[in-house]
Amino acid sequence: MTLTAPQAPSVPRVVPPARPGGARRAWRTVSPYAYIAPFFTLFVAFGLFPLLYTAFVSLYRVELQAPGDMEWRGLGNYTVLLGDEYFWVSLRNTFTIGVLSTVPQLVMALGLAHLLNYRMRGRTFLRTAVLLPYATSVAAATLVFAQLFGRDFGLVNYALGLVGVDPVDWQNGTVASQIAVSTVVIWRWTGYNALIYLAGMQSIPDELYEAAAMDGASRWRQFFHVTLPGLRPTILFTVIVSTIGATQLFGEPLLLEGSVSGGISHQYQTLGLYMYEQGWGFFHLGRAAAVAWVMFLLIVVLVGLNALVARRRSRKGARR
């Protein structure tokens, strides 16, 4: 009888992967830049270049009749703007219309999203329906609201007359016309912001609501202590986007009465209308370019202030 030693188990041979060739390695390095190149190409062509060229034109005297004849003015266009009372009127109107349209819009959107977040019948239809005003053309919506806010035969004045209120001149009154313009903006953008808030609400974990309910918190307390803190980044995003949109407001005030001047006494002329009036009404392209850059700087300042306030609030919340 012979004894044989046990054989050691065979270890499979690991074949190292083949190294990619030089061309493949180069493509792996270059491919991420190739994928994002179309976006940055379009951004440079249609975003960055017009922005820089507008800054260049704002330093010259350029007329629409002869755009090739450019006369150096330096900061002269900006000096003229600061001395024009209608520039300050349009700036004030932009601020007031922005506040009148942004604050109610975001508050209504937040409440609407809170209702749509509950399980109810036909909620898919309702979520789609709130987006329909956003899909409506600006021209069509504004023309319809112009008829609704008509002084003599408008439906709004008719409804006010039923409760004993005298007819309001919505297109000539300062506050009334700004309310009319703000109403169009609110109607178009409330549903859009509501869906953004709804998406943010659905990302909040259900465990937070369950824990709050076990502690005896009512739905109102859950909304203020769970929903709102969870929506803080979303609210900051909507505030910034709404601020940018309010600063660039153009179509609604233009089509309310069809006047570039924003009414007889410029009572609802925004910076967008003022820029259009300077460039295509008075043919001062250089001055219109200066207005465009003032709007750009104003947007940067407002967005920076919003971000600063939101950061301070988040720091205070983290300390608590």
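One-based numbering along the sequence shown. Just so it is clear, the values below take in all heavy atoms, side chains as well, and ignore hydrogens, waters and symmetry mates.
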Going from [atom1] on [X] to [atom2] on [Y], what distance comes out if it is rounded to the nearest 0.5 angstrom?
X: Thr174; Y: Ile179; atom1: OG1; atom2: CD1; answer: 11.0 Å
X: Leu126; Y: Leu116; atom1: CG; atom2: CG; answer: 6.0 Å
X: Leu148; Y: Leu155; atom1: CG; atom2: CG; answer: 6.0 Å
X: Trp170; Y: Phe145; atom1: CH2; atom2: CZ; answer: 12.0 Å
X: Leu298; Y: Gln248; atom1: CG; atom2: CD; answer: 10.5 Å
X: Leu64; Y: Gln278; atom1: CG; atom2: CD; answer: 12.5 Å

When the ring planes of [X] and [Y] are compared, do they come out parallel, tilted or perpendicular, using 30° and 60° as the limits?
X: His114; Y: Tyr118; value: perpendicular
X: Phe223; Y: Trp220; value: perpendicular
X: His266; Y: Tyr86; value: parallel
X: Phe39; Y: Phe43; value: parallel

Measure the shortest side-chain to side-chain distance between [X] and [Y] over non-hydrogen atoms and say whether it is less than 4.5 angstrom.
X: Tyr209; Y: Thr227; value: yes
X: Gln269; Y: Val89; value: no
X: Trp280; Y: Val260; value: no
X: Leu228; Y: Leu110; value: yes
X: Leu249; Y: Thr94; value: no
X: Arg73; Y: Val80; value: yes
X: Leu106; Y: Tyr197; value: yes
X: Tyr134; Y: Leu195; value: no

Under-4.0 Å salt bridge between Arg61 and Glu63: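 Salt bridge flag = yes for Glu63 with Arg61.
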Closest approach of [X] and [Y], non-hydrogen atoms and distance?
X: Thr243; Y: Thr247; answer: O-OG1, 2.8 Å
X: Gln222; Y: Ala217; answer: NE2-O, 3.2 Å
X: Leu82; Y: Trp88; answer: O-NE1, 2.8 Å
X: Ile186; Y: Leu100; answer: CD1-O, 3.6 Å
X: Pro253; Y: Thr270; answer: CG-OG1, 4.0 Å
X: Pro67; Y: Val62; answer: O-CG1, 3.7 Å

Does the [X] side chain pair with the main chain of [Y], one donor and one acceptor, at a distance under 3.5 Å?
X: Asn77; Y: Ser58; value: yes
X: Thr238; Y: Ile235; value: yes
X: Thr190; Y: Trp187; value: no
X: Asn117; Y: Gln202; value: no
X: Trp293; Y: Leu51; value: yes

Same apolar cluster: Phe250 and Val291, side chain cutoff 4.5 Å: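 Cluster IDs for Phe250 and Val291 match.
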Met275-Leu273 co-clustered via ILVMFWY side chain contacts under 4.5 Å: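 Yes, because Met275 and Leu273 connect within a single hydrophobic cluster, where side-chain heavy atoms sit under 4.5 Å apart.
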Donor-acceptor side-chain pairing of Gln267 and Ser177 below 3.5 angstrom: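 There is no such pair (donor and acceptor under 3.5 Å, judged by atom type) between the side chains of Gln267 and Ser177.
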Donor-acceptor side-chain pairing of Glu257 and Tyr268 below 3.5 angstrom: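 There is such a pair between these side chains.
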Criterion side chain to side chain donor-acceptor pair (under 3.5 Å) on Tyr274 and Asn93, from CA distance to verdict: CA-CA 11 Å; Tyr274 180 79; Asn93 293 339; over 6 Å; no
